[in-house]
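Naming convention: chains lettered A, B, ... in sequence-line order (proteins, then strands); numbering from 1 in each chain.
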2 protein chains.
Amino acid sequence: MSALRLLDDLSHAAPAAQWLDTILKGDCVAALERLPEKSVDVIFADPPYNLQLDGDLHRPDQSKVDAVDDAWDQFESFAAYDAFTRAWLLAARRVLKPNGTIWVIGSYHNIFRVGATMQDLGFWILNDVVWRKTNPMPNFRGRRFQNAHETMIWASRDAKAKSYTFNYEAMKAANDDVQMRSDWLFPICTGAERLKDENGAKVHPTQKPEALLARVLLSSSKPGDVVLDPFFGSGTTGAVAKRLGRHFVGVEREQAYIDAALDRISAVRPLGEAELSVMTSKRAEPRVAFVSLLDSGLMKPGATLYDAKRRWSARVRADGTLTSDAVSGSIHKVGAAVQGLDACNGWTFWHYERNGGLNPIDDLRRIARLGMERSGA
Amino acid sequence: MSALRLLDDLSHAAPAAQWLDTILKGDCVAALERLPEKSVDVIFADPPYNLQLDGDLHRPDQSKVDAVDDAWDQFESFAAYDAFTRAWLLAARRVLKPNGTIWVIGSYHNIFRVGATMQDLGFWILNDVVWRKTNPMPNFRGRRFQNAHETMIWASRDAKAKSYTFNYEAMKAANDDVQMRSDWLFPICTGAERLKDENGAKVHPTQKPEALLARVLLSSSKPGDVVLDPFFGSGTTGAVAKRLGRHFVGVEREQAYIDAALDRISAVRPLGEAELSVMTSKRAEPRVAFVSLLDSGLMKPGATLYDAKRRWSARVRADGTLTSDAVSGSIHKVGAAVQGLDACNGWTFWHYERNGGLNPIDDLRRIARLGMERSGA
DNA sequence: TCTTCCTGTGAATCGGATG
DNA sequence: CCATCCGATTCACAGGAAG
């Protein structure tokens with residue numbers, strides 16, 4: 001792999017060697033226009049999400065949430081964001097090879113506008129892929145569901161492009177020999193992987209995990225391919241591309257991000273061919289919610305549960321909570337309350353009746369989990 | 001619940017009893033315009049996905065996949081689909097109560113256009129929720145990831161609407177006492193739940209599972225609420241609404257779907273109140289003023305309160321305020337001030353002494369509330 | 001050394017009643 | 001409309017301190 005360079009001025013279409021494995025500094029559209037058309041195999045784009053935040057948010061302990069309030073994420077209106085989106089997507093499409101594909105990641109704030117614009121410009125959506133976070137930030141006010149995922153759109157340059165790269169067999173092999181699904185489970189970027197400045201503050205507010213980029217590139221690119229990231233940020237795309245034997249090109253406006261990315265990428269050592277071919281993924285043991293036993297029919301609303309010695313009982317309600325004489329709540333809360341204890345594992349405490357005998361509801365959880373594992377949950 | 005009826009003609013705004021728990025036959029927009037404005041609490045919409053299928057798809061064994069190729073799913077262009085989407089969303093928004101919410105489900109073929117249109121019309125997205133399928137159809141050609149999920153958008157009528165229904169406590173209790181996430185796992189609708197005609201063919205190509213609708217309605221509606229489904233199809237929304245003690249209104253064009261839905265819903269037996277009751281949050285409990293603890297003798301003027309670790313203390317004054325070294329005021333103000341914070345919940349922060357131990361004054365509030373219930377206050 | 005406790009934090013569109 | 005006040009609300013990890 002060639003040495004890392006930063007190109008400040010690239011006023012004409014350069015031979016490949018000049019801009020490969022570099023970061024182009026400047027505005028996204030202007031920089032892309034300096035690249036030759038049909039020159040990159042894969043694009044991964046993590047554009048501003050256009051979060052529309054209003055005032056501060058505090059945790060229950062009154063600490064303030066460090067929100068994304070950077071200038072680059074501010075747009076005047078949906079129309080302004082749409083114009084921005086259309087412009088960079090057009091510029092990106094020009095440099096994409098006819099059989100190349102593009103990935104764009106976003107949240108509900110922006111992904112619908114991005115997806116519609118992509119379709120309008122002629123991109124052909126191949127999949128939307130959900131990144132399920134193992135450790136998302138909670139919803140502190142209890143007013144919505146915990147926002148636990150982000151969405152990626154994977155698209156080819158146009159509907160007729162049929163020869164795009166998709167490493168189907170590799171994905172299947174990495175997924176215990178069943179097809180890779182459109183929902184992926186990864187932790188957010190924390191710990192040693194998260195870039196910090198000298199004060200310990202995060203360098204970039206939205207650094208993506210390398211595992212996510214690795215699956216993206218392993219699924220949709222080949223060794224030696226050119227990967228473009230028009231919103232390079234802290235350089236996750238470049239680091240993973242280099243590690244996996246792909247070339248990268250980044251575009252970034254902020255010098256601080258560029259400096260951090262160059263440092264980071266220069267420390268990356270590419271994998272050998274042997275390692276590249278055996279990369280597989282692990283899966284965490286799935287959590288089973290009690291309510292899912294109702295959903296699957298393993299348990300019925302109105303059913304009565306007992307402790308092992310039939311000293312207490314409770315009825316199952318439609319929303320997955322229990323109710324006894326005195327209290328209502330989760331299987332754990334009600335189990336604790338009837339015994340007068342602070343805590344209780346409802347899965348082992350409560351039993352259901354079958355053939356006159358009592359079985360712990362944990363047996364049903366085990367059955368549910370088998371179903372989930374079979375289905376790649 | 002009233003008997004099921006089918007209204008063919010509803011030429012003027014009818015009293016509630018006339019259109020509740022019925023199916024309006026006809027075009028979606030025209031039918032919605034016959035309903036009174038601001039009359040429904042929740043909308044669940046499963047609009048045509050605008051699948052753009054090109055030729056037949058065969059399984060590896062050469063059997064043909066029974067694709068969604070119905071006339072109602074055909075649109076000339078993205079623009080035509082957008083116009084259709086805009087029209088029905090506008091009509092739906094008119095009949096939605098100001099604090100009502102709307103759910104729309106779709107796939108990558110249409111959900112981005114739907115979401116962008118919703119934002120353009122002023123809907124305020126609360127969450128996007130992913131339905132992860134335990135048993136999705138495989139990708140037979142091996143050219144993409146297995147399309148294993150669909151996306152639902154949950155939105156309020158506009159950004160200012162803050163008082164929408166979200167049964168946070170119920171969702172949390174049903175999910176092992178942790179917040180319900182934005183990714184839900186359910187099987188697709190199969191087996192006995194799937195409606196079949198006399199030939200054993202499926203009645204509707206995209207029948208949704210009742211478990212999915214149950215979670216939607218349990219999370220975002222209350223018993224007695226009115227649930228509108230403008231693309232009623234085989235009536236899953238109506239069946240689940242009736243079972244959960246909600247009213248429904250459906251709109252459907254095709255008589256075959258209406259017949260099947262009426263049959264299906266009439267066989268549904270509503271759950272009893274005990275199974276339906278939902279976890280309540282503290283927010284819904286009656287307010288207790290701290291001074292009322294003095295009035296009832298649960299707290300004495302001059303008593304000393306401490307935080308849980310006895311780092312700070314304050315004395316109770318006869319008017320129900322606290323006073324510490326530096327500040328005086330409400331239990332909340334003084335609690336915040338001694339800690340140097342902007343805000344504090346005095347009920348959980350301050351503790352009183354009993355038998356040498358410390359108990360939160362929230363315990364006394366609970367006792368006061370019990371007294372209020374007994375006396376019917 | 002090992003375990004337990006405590007603190008910090010991540011792409012966040014995160015009140016409601018009363019006057 | 002606005003201002004003021006009450007008081008409800010967090011999950012999974014990482015890292016360091018304490019026992």
Side-chain angles (χ1 to χ4, degrees), chain A residues 46-70 72-75 78 81 105-111 131 133-151 187-194 196 200-202 204-209 231 233 284 287, chain B residues 99 119 123-128 155-156 158-164 166 168-169 172 175-182 281-290 309 329-333 335-336 341-350 361-362 365:
Chain A
D46 184 10
Y49 285 11
N50 189 27
L51 301 186
Q52 292 157 63
L53 306 177
D54 182 28
D56 291 341
L57 177 65
H58 293 88
R59 297 185 172 82
D61 66 3
Q62 302 301 326
S63 66
K64 183 164 167 268
V65 174
D66 182 20
V68 177
D69 54 0
D70 305 71
W72 49 254
D73 199 47
Q74 307 296 320
F75 293 84
F78 281 136
Y81 186 79
I105 186 168
S107 66
Y108 65 85
H109 310 85
N110 71 322
I111 197 64
W131 168 27
K133 303 179 183 184
T134 60
N135 49 349
M137 193 187 297
N139 183 291
F140 293 115
R141 301 302 293 264
R143 298 291 300 148
R144 306 178 176 195
F145 298 100
Q146 182 182 31
N147 189 11
H149 74 275
E150 295 189 25
T151 301
I188 62 175
C189 183
T190 59
E193 187 184 324
R194 187 88 196 212
K196 304 278 173 60
K202 57 193 176 196
H204 194 283
T206 70
Q207 184 180 338
K208 295 292 176 289
F231 305 96
R287 171 192 290 273
Chain B
N99 282 313
Q119 292 180 310
F123 288 106
W124 192 247
I125 299 180
L126 300 168
N127 280 113
D128 59 334
S156 61
D158 54 74
K160 296 182 302 297
K162 301 285 189 189
S163 302
Y164 56 86
F166 178 54
Y168 173 77
E169 293 290 343
K172 181 173 173 177
N175 192 41
D176 267 21
D177 288 325
V178 292
Q179 298 185 333
M180 187 68 79
R181 295 166 48 109
S182 56
S281 71
K282 286 187 182 175
R283 275 186 266 263
E285 292 176 11
R287 171 166 299 197
V288 174
F290 180 68
K309 295 182 179 173
S330 73
I331 54 173
H332 315 294
K333 281 275 170 60
L341 297 176
D342 287 338
C344 166
N345 183 341
W347 289 108
T348 51
F349 177 74
W350 292 112
I361 59 174
D362 209 26
R365 179 167 64 162

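Contacts between residues 57-70 of chain A and DNA chain D, defined by a heavy-atom separation under 4.0 Å, are made by Pro60(A), Gln62(A).
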Name the pairs: protein N/O against N/O of nucleotides 13-16 of chain D, kept only if under 3.5 Å.
none

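Judged by closest nucleotide on DNA chain C, Lys202(A) is the one of Phe78(A) and Lys202(A) placed further toward the 5' end. Mapping Lys309(B) and Pro136(A) onto DNA chain C by nearest heavy atom places Lys309(B) at the nucleotide closer to the 5' end. The residue among Gly346(B) and Gln179(B) whose nearest nucleotide of DNA chain D lies closer to the 5′ end is Gly346(B).
For dA11(C), its base sits under 3.5 Å from the side chain of Lys208(A) at one donor and acceptor pair at least.
Of all heavy-atom pairs spanning Phe75(A) and Pro48(A), the tightest one is CE1-CB, 3.9 Å. The shortest heavy-atom contact between Asp46(A) and Phe231(A) is O-CB, 3.5 Å. Residue Trp131(A) comes nearest to Pro187(A) through the heavy atom pair CZ2-O, 3.7 Å, listed as atom of the first residue, atom of the second, then distance. Nearest heavy-atom pair, Phe140(A) versus His58(A), reported as atom, atom and distance to 0.1 Å: CB-O, 4.0 Å.
Checking dA12(C), dA11(C), dC6(D) against every side-chain atom of Lys333(B), the shortest atom distance belongs to dC6(D). When distances run from any side-chain atom of Arg143(A) to the nucleotides dT9(D), dG7(D), dG15(C), the shortest one goes to dG15(C). When the nucleotides dA11(C), dG7(D), dT9(D) are ranked by their closest atom to the side chain of Ala343(B), dG7(D) comes out on top. Taking the side chain of Arg141(A) as heavy atoms from C-beta on, and the options dT10(D), dT9(D), dA11(C), the nearest nucleotide is dT9(D).
Within 4.0 Å (heavy atoms only), Ser163(B) reaches sugar-phosphate atoms of the nucleic acid but no base atom. In this structure, Asp46(A) reaches the bases: a heavy-atom distance under 4.0 Å links it to at least one base atom across the strands shown. Looking at heavy-atom distances under 4.0 Å, Cys344(B) makes contact with a base. Residue contacts shown for Gly233(A) are absent, as no nucleic acid heavy atom lies under 4.0 Å away. Base contact: Ile125(B) has a heavy atom under 4.0 Å from a base atom. Using a 4.0 Å heavy-atom distance criterion, Arg365(B) is classed as a sugar-phosphate-only contact. Among the atoms of the strands shown, only primed sugar atoms or phosphate atoms (P, OP1, OP2) are found under 4.0 Å from some heavy atom of Arg283(B). Counting non-hydrogen atoms under 4.0 angstrom, Asn139(A) reaches a base of the nucleic acid. The residue Asp362(B) sits apart from the nucleic acid: no heavy atom pair falls under 4.0 Å. Using a 4.0 Å heavy-atom distance criterion, Thr206(A) is classed as a base contact. Residue contacts shown for Pro47(A) include a base, since a base heavy atom lies under 4.0 Å away. Residue Gln119(B) is in base contact, counting any heavy-atom pair closer than 4.0 Å across all strands shown.
With salt bridges taken as basic N to acidic carboxylate O contacts below 4.0 Å, one links Glu150(A) and Lys133(A).
Going from atom CG of Asp177(B) over to atom P of dC11(D) covers 9 Å, rounded to whole Å. Straight-line distance from the CG atom of Asp342(B) to the C1' atom of dC6(D): 15 Å, rounded to whole Å. Remark: P of dC11(D) and NE2 of His149(A) are 19 Å apart, rounded to the nearest angstrom. Remark: P of dT9(D) and CD of Glu285(B) are 9 Å apart, rounded to the nearest angstrom. Separating the CG atom of Asp73(A) from the C1' atom of dA11(C) is a distance of 8 Å, rounded to the nearest angstrom. Here dA8(D) presents its P atom at 17 Å from CG of Leu341(B), a figure rounded to the nearest Å. Rounded to an integer number of Å, the gap from CD of Gln207(A) to C1' of dT9(C) is 14 Å. What separates CZ of Arg287(B) from C1' of dC5(D) is a distance of 8 Å, to the nearest Å.
Without hydrogens or angle criteria, His332(B) side chain to Gly346(B) main chain gives a donor-acceptor distance under 3.5 Å. One N or O on the side chain of Lys208(A) and one on the backbone of Thr206(A) form a donor-acceptor pair closer than 3.5 Å.
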>> Under the criterion side-chain contact (heavy atoms from CB on, under 4.5 Å), I'd like the reasoning laid out for Leu51(A) against Gln74(A): C-alpha separation, chi angles, the key distance, then a yes or no.
In response: CA-CA 8 Å; Leu51(A) 301 186; Gln74(A) 307 296 320; over 6 Å; no

> How far apart are the C-alpha atoms of Asp342(B) and Lys64(A), what are their side-chain angles, what is the distance that settles it, and do they pass the salt bridge (charged side-chain N to carboxylate O under 4.0 Å, His left out) test?
Replying inline: CA-CA 11 Å; Asp342(B) 287 338; Lys64(A) 183 164 167 268; over 6 Å; no

> Stepwise, does the side-chain contact (heavy atoms from CB on, under 4.5 Å) test hold for Thr151(A) with Asp128(B)?
Replying inline: CA-CA 10 Å; Thr151(A) 301; Asp128(B) 59 334; 3.9 Å; yes

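For dC14(C) and dG10(C), the C1' atoms lie 15 Å apart once the distance is rounded to whole Å. For the C1' atoms, the distance from dG16(D) to dT1(C) is 16 Å, rounded to whole Å. When the P atom is compared between dA8(D) and dA12(C), the two are found 26 Å apart, to the nearest whole Å.
In this structure, His332(B) reaches the dG7(D) phosphate: one of its side-chain N or O atoms is under 4.0 Å from OP1 or OP2. A close approach under 4.0 Å does not occur between any side-chain nitrogen or oxygen of Ser107(A) and OP1 or OP2 of dA12(C). Phosphate proximity of dC14(C) to Tyr164(B): absent, as no side-chain N or O sits under 4.0 Å from OP1 or OP2.
Under the 6.0 Å cut-off for aromatic ring centres, Phe166(B) and Phe145(A) qualify, their centroids lying closer than that. Between Trp124(B) and His109(A), a ring centre-to-centre spacing not shorter than 6.0 Å is recorded.
Tyr49(A) and Asp73(A) form no side-chain donor-acceptor contact under 3.5 Å, judged by distance and modelled atom types alone.
With Tyr164(B) as the aromatic partner, Arg143(A) meets the cation-pi criteria of under 6.0 angstrom to the ring centre and within 45 degrees of the ring axis.
Ring geometry for Phe290(B) against Trp347(B) counts as perpendicular: the plane angle is over 60°, on a 0 to 90° scale with 30° as the lower cut.
Every stem involving DNA chain D, taken as at least 3 paired positions in a row under the Watson-Crick or G-U wobble test at 3.5 Å, is listed here: C:2-10 with D:11-19, C:15-19 with D:2-6.
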